[in-house]
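Note sheet for the following structure.
Heavy-atom basis, side chains included; hydrogens, waters and symmetry copies ignored. Quick note on labels: first sequence line is chain A, next is B, and so on, each numbered from 1.
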2 protein chains.
Amino acid sequence: MTTISECGPNDVYAAACPCRDMLDLLANKWSALALGALEDGPRRFGAIKERLQGISPKVLTQTLRRLEEHGLVSREIFPEVPLRVEYSLTPLGVDACVPLAGLRLWVEDNIHRFPASA
Amino acid sequence: MTTISECGPNDVYAAACPCRDMLDLLANKWSALALGALEDGPRRFGAIKERLQGISPKVLTQTLRRLEEHGLVSREIFPEVPLRVEYSLTPLGVDACVPLAGLRLWVEDNIHRFPASA
DNA sequence: GAGCCTAGTTCCCATTGGATACCATGCTCG
DNA sequence: CGAGCATGGTATCCAATGGGAACTAGGCTC
């Protein structure tokens, strides 16, 4: 059994490596979209929900909380009326957006090549 | 219902765009790992299973079949004894590996920045 | 015929995904 | 004063998925 410290070169292929969990966190439809939605600056819950067409509030909350938990997103509450809650990218989140944006763009650019995508 | 041609700029943020399905297919832990496992050439089922530490045969079959279905991977059966089945990347699969490799590498390079990843 | 090899399949259960409905706060309008 | 609306969620429920363990099938080899 490989311990974490021995996980050495941080191999996503190693089951015990924390990389696996991070990959699982990022390699996820809603995570990739949510992080992308914050690329242009902080956004409110409602705005993100509007951008991520088709997401339910529960799943959006789950997604954002999970990203927050792992230090990719920060959540700020403004006790105004009506209540305002803003989500924004942390520096780590900003950096994570680079490969994720690459993935999103690749999909958009290559969608026509997929067979029977109808 | 939005048709493909009307889906316009192929927006992954649009719920009805087939991009969404493709993103869901690729933005997945096992898909990203499986495609990466085939980057160096065709591999047998057993070899892939060995590489993707911790995956169960059922999930691997599901993953590979789904990738095959969408034209990213091709499956070839050699009716030898014992049976040999080789999986390899299609040209589309090869291209898809680029952004996915970027994601895997980013995770490996930045894992130390994640809080409490231990 | 026992056992092994590969490449799965089958069964079953726990977790997750997701839709819908509802809630709390506190304005603002009538 | 109560009705209604806005925001940012929960609560509830059900279906789909993820995933482990065990089993299968064809066909050598011992």
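Near DNA chain D, defined here as any heavy-atom distance below 4.0 Å, the residues from residues 59-78 of chain A are A:Thr61, A:Arg65, A:Arg75, listed numerically. At a non-hydrogen distance threshold of 4.0 Å, A:Arg44, A:Phe45, A:Gly46 from residues 44-53 of chain A come into contact with DNA chain D.
In this structure, A:Arg20 atom CZ and D:dG19 atom C1' are separated by 13 Å, rounded to whole Å. Atom CZ in B:Arg43 sits about 13 Å away from atom P in C:dA7, given to the nearest Å. Residue A:Trp30 contributes atom CH2, which lies 14 Å from atom C1' of C:dT16 at whole-angstrom precision. Between the P atom of C:dG18 and the CG atom of A:Leu33 lies a distance of 11 Å, rounded to the nearest Å. Rounded to a whole Å, the OH atom of B:Tyr87 is 8 Å from the P atom of C:dA7.
When the nucleotides C:dA19, C:dC11, C:dC5 are ranked by their closest atom to the side chain of B:Lys58, C:dC11 comes out on top. Among the nucleotides C:dG18, D:dG8, D:dG20, the one closest to any side-chain atom of A:Leu83 is D:dG8. Minimum atom distance to the side chain of A:Val81 is reached by C:dC27, of the listed D:dG9, C:dG18, C:dC27.
Classification of the B:Trp106-B:Phe114 ring pair by plane angle, with boundaries at 30° and 60°, yields perpendicular.
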Full working for side-chain contact (heavy atoms from CB on, under 4.5 Å) between A:Leu60 and A:Trp30: CA-CA 8 Å; A:Leu60 181 54; A:Trp30 293 128; over 6 Å; no
Stepwise, does the side-chain contact (heavy atoms from CB on, under 4.5 Å) test hold for A:Thr63 with A:Ser31? CA-CA 6 Å; A:Thr63 303; A:Ser31 292; 4.1 Å; yes
Please lay out, stage by stage, how A:Leu89 and A:Cys97 fare under the test side-chain contact (heavy atoms from CB on, under 4.5 Å). CA-CA 9 Å; A:Leu89 294 177; A:Cys97 274; 3.6 Å; yes
Show the numbers, then the answer: is there a side-chain contact (heavy atoms from CB on, under 4.5 Å) between B:Arg43 and B:Arg51? CA-CA 10 Å; B:Arg43 290 213 182 205; B:Arg51 183 100 204 274; 4.1 Å; yes
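Checked by atom type and distance alone, the side chain of A:Arg20 pairs as donor or acceptor with a backbone atom of A:Val12 at under 3.5 Å. Although no hydrogens or angles enter the test, the distance criterion places no donor-acceptor pair under 3.5 Å between the side chain of A:Arg84 and the main chain of A:Arg44. A:Tyr13 contributes a side-chain N or O that, together with a main-chain N or O of B:Leu33, makes up a donor-acceptor pair within less than 3.5 Å.
Distances shorter than 4.0 Å separate some side-chain N or O of B:Lys29 from OP1 or OP2 on D:dG19.
Nearest-nucleotide mapping onto DNA chain C: of A:Glu80 and B:Pro57, the residue sitting toward the 5' end is B:Pro57. Nearest-nucleotide mapping onto DNA chain C: of A:Pro82 and A:Ile55, the residue sitting toward the 5' end is A:Ile55.
Remark: the B:Thr90 side chain and the B:Ser74 side chain contain no N/O donor-acceptor pair separated by less than 3.5 Å.
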